[in-house]
Amino acid sequence: EVRLAMLRAATKGEPEFEVNDCELLRPPPSYTIDTVEEIRRRESDATISCLSGEDNVEQLPRWHRFSELKKMVRFVILDRSGKQPSHTYQLIHRRIDISATEIRRRVAQNESIRYLVPDSVEEIIQREKLYRE
């Protein structure tokens, strides 16, 4: 629920984004394909894109029911390195050195995350004492 609050805080005022809590309403475990199937039931004509950082590409084939999932969504990969990709997924080329892993590491080591997340998200992280070792 805290992650949902951070997502809502991060997208507040952004009309292009819709936050959905369907994953919290299902019993665990919750997989991406479950979410995609739910969206597909509600919006059968929607084009669903799944954005992931390039550092996750090697893990994608290990995702639950990946062979089905890759037929249902368009994977879009955020290229953080600028290097030649080793995959055929659509790329978004942005030199953005921000990752959730790095943010969690910085919080755990009491380093600043200013400019890496919106102020409203940083407030939630501090208030909830998230990612502390």
Side-chain angles (χ1 to χ4, degrees):
E1 290 186 18
V2 175
R3 291 179 80 178
L4 179 64
M6 289 190 295
L7 185 57
R8 285 186 171 139
T11 59
K12 186 176 182 175
E14 297 291 340
E16 298 84 16
F17 290 92
E18 177 183 332
V19 176
N20 186 303
D21 64 354
C22 69
E23 292 180 345
L24 291 175
L25 302 176
R26 282 195 296 270
S30 180
Y31 298 103
T32 300
I33 193 161
D34 299 327
T35 302
V36 170
E37 287 175 336
E38 185 167 329
I39 293 169
R40 181 71 60 219
R41 280 191 294 275
R42 287 180 305 172
E43 301 178 42
S44 60
D45 295 336
T47 299
I48 302 172
S49 297
C50 186
L51 178 64
S52 180
E54 189 172 31
D55 52 331
N56 280 328
V57 170
E58 289 182 21
Q59 303 301 317
L60 292 179
R62 296 184 184 106
W63 286 19
H64 184 68
R65 295 173 47 202
F66 180 72
S67 60
E68 296 171 64
L69 180 62
K70 69 181 181 179
K71 295 174 186 172
M72 299 171 70
V73 303
R74 176 183 63 174
F75 281 97
V76 180
I77 307 301
L78 177 60
D79 171 25
R80 294 180 175 143
S81 69
K83 297 177 183 174
Q84 185 67 18
S86 60
H87 56 81
T88 59
Y89 300 115
Q90 177 182 346
L91 282 177
I92 296 176
H93 296 283
R94 299 284 189 278
R95 186 68 175 127
I96 302 173
D97 289 328
I98 301 172
S99 73
T101 301
E102 176 64 11
I103 290 167
R104 287 189 296 269
R105 183 199 67 74
R106 285 172 165 266
V107 172
Q109 295 184 1
N110 204 31
E111 295 176 8
S112 174
I113 57 171
R114 188 171 186 194
Y115 306 120
L116 298 178
V117 299
D119 291 343
S120 56
V121 172
E122 184 173 9
E123 289 170 15
I124 293 170
I125 291 170
Q126 297 300 328
R127 181 180 69 234
E128 299 294 328
K129 297 178 176 60
L130 300 177
Y131 316 129
R132 300 285 175 192
E133 291 184 343

A.B. asks: Show me the pairs that pass salt bridge (charged side-chain N to carboxylate O under 4.0 Å, His left out) and involve residues 52-61, at least two apart or across chains.
C.D. replies: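 Qualifying pairs, neighbours excluded: D55-R80.
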
A.B. asks: Looking only at atom types and distance, does a side-chain atom of R74 sit under 3.5 Å from a main-chain N or O of S49, one as donor and one as acceptor?
C.D. replies: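 Looks like no, no N/O pair under 3.5 Å.
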
A.B. asks: Could you list the donor-acceptor pairs under 3.5 angstrom formed between side-chain atoms of residues 6-22 and any protein atom two or more places apart in sequence or on another chain?
C.D. replies:
from	atom 1	to	atom 2	distance (Å)
T11	OG1	L7	O	2.9
N20	OD1	C22	N	2.6

A.B. asks: Looking only at non-hydrogen atoms, find the nearest pair between R106 and S112 and report the distance.
C.D. replies: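 The answer is NH1-O, 2.7 Å.
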
A.B. asks: Can you sort out the partners of Y31 under ring-ring contact (aromatic ring centres under 6.0 Å, His included), two or more places apart, ordered by chain and number?
C.D. replies: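 Listed in chain order: H64.
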
A.B. asks: Answer yes or no: are there more than 12 heavy-atom neighbours, outside R3 itself, under 6.0 Å from its atom CZ?
C.D. replies: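 Counting neighbours around CZ of R3, 12 or fewer heavy atoms of other residues, nucleotides or ligands fall under 6.0 Å, so no.
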
A.B. asks: What salt bridge (charged side-chain N to carboxylate O under 4.0 Å, His left out) pairs are there with at least one residue in residues 114-130, not counting sequence neighbours?
C.D. replies: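 Non-adjacent pairs meeting salt bridge (charged side-chain N to carboxylate O under 4.0 Å, His left out): zero.
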
A.B. asks: Measuring from C50:SG to I77:CD1, what's the distance to the nearest 0.5 Å?
C.D. replies: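 So the gap between those two atoms works out to 7.5 Å.
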
A.B. asks: Take atom CD in Q109; do more than 12 heavy atoms of anything else shown fall under 6.0 Å from it?
C.D. replies: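 Correct, the count exceeds 12.
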
A.B. asks: At what distance, to the nearest 0.5 angstrom, does CD1 of I103 lie from OH of Y131?
C.D. replies: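 These two atoms lie 8.0 Å from each other.
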
A.B. asks: Excluding sequence neighbours, so at least two apart, what forms side chain to side chain donor-acceptor pair (under 3.5 Å) with Q59?
C.D. replies: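 For Q59, the residues satisfying side chain to side chain donor-acceptor pair (under 3.5 Å) (neighbours in sequence not counted) are R62.
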
A.B. asks: To the nearest 0.5 Å, what is the distance between CH2 on W63 and CG on N56?
C.D. replies: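 W63 atom CH2 to N56 atom CG measures 6.5 Å (nearest 0.5 Å).
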
A.B. asks: Would you say V76 ends up clustered with V36 if hydrophobic residues are merged whenever their side chains have heavy atoms under 4.5 Å apart, either directly or through other cluster members?
C.D. replies: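 In one cluster: no.
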
A.B. asks: When rounded to the nearest 0.5 angstrom, what distance separates CD in Q90 from CG in D79?
C.D. replies: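 These two atoms lie 12.5 Å from each other.
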
A.B. asks: Applying a strict under-4.5 Å side-chain criterion to I, L, V, M, F, W and Y, I'd like to know whether Y89 and L78 cluster together.
C.D. replies: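 In one cluster: no.
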
A.B. asks: Can L4 be reached from L51 by stepping across I, L, V, M, F, W or Y side chains whose heavy atoms are under 4.5 Å apart?
C.D. replies: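 No; L4 is not reachable from L51 via cluster members.
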
A.B. asks: State yes or no: do V2 and I113 share one hydrophobic cluster built from I, L, V, M, F, W and Y residues joined by side-chain heavy-atom distances below 4.5 Å, directly or via other members?
C.D. replies: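 Yes.
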
A.B. asks: Please say yes or no: joined through hydrophobic side-chain contacts below 4.5 Å, possibly via intermediate residues, are I92 and V57 part of one cluster?
C.D. replies: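 No, separate clusters.
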
A.B. asks: For residues 33-44, pull every pair meeting salt bridge (charged side-chain N to carboxylate O under 4.0 Å, His left out), keeping only residues two or more places apart or in separate chains.
C.D. replies: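 Listed once each, the pairs are R26-E38, E37-R65.
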
A.B. asks: Nearest 0.5 Å, what's the OG1-CG distance between T32 and L69?
C.D. replies: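 The distance works out to 6.5 Å.
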
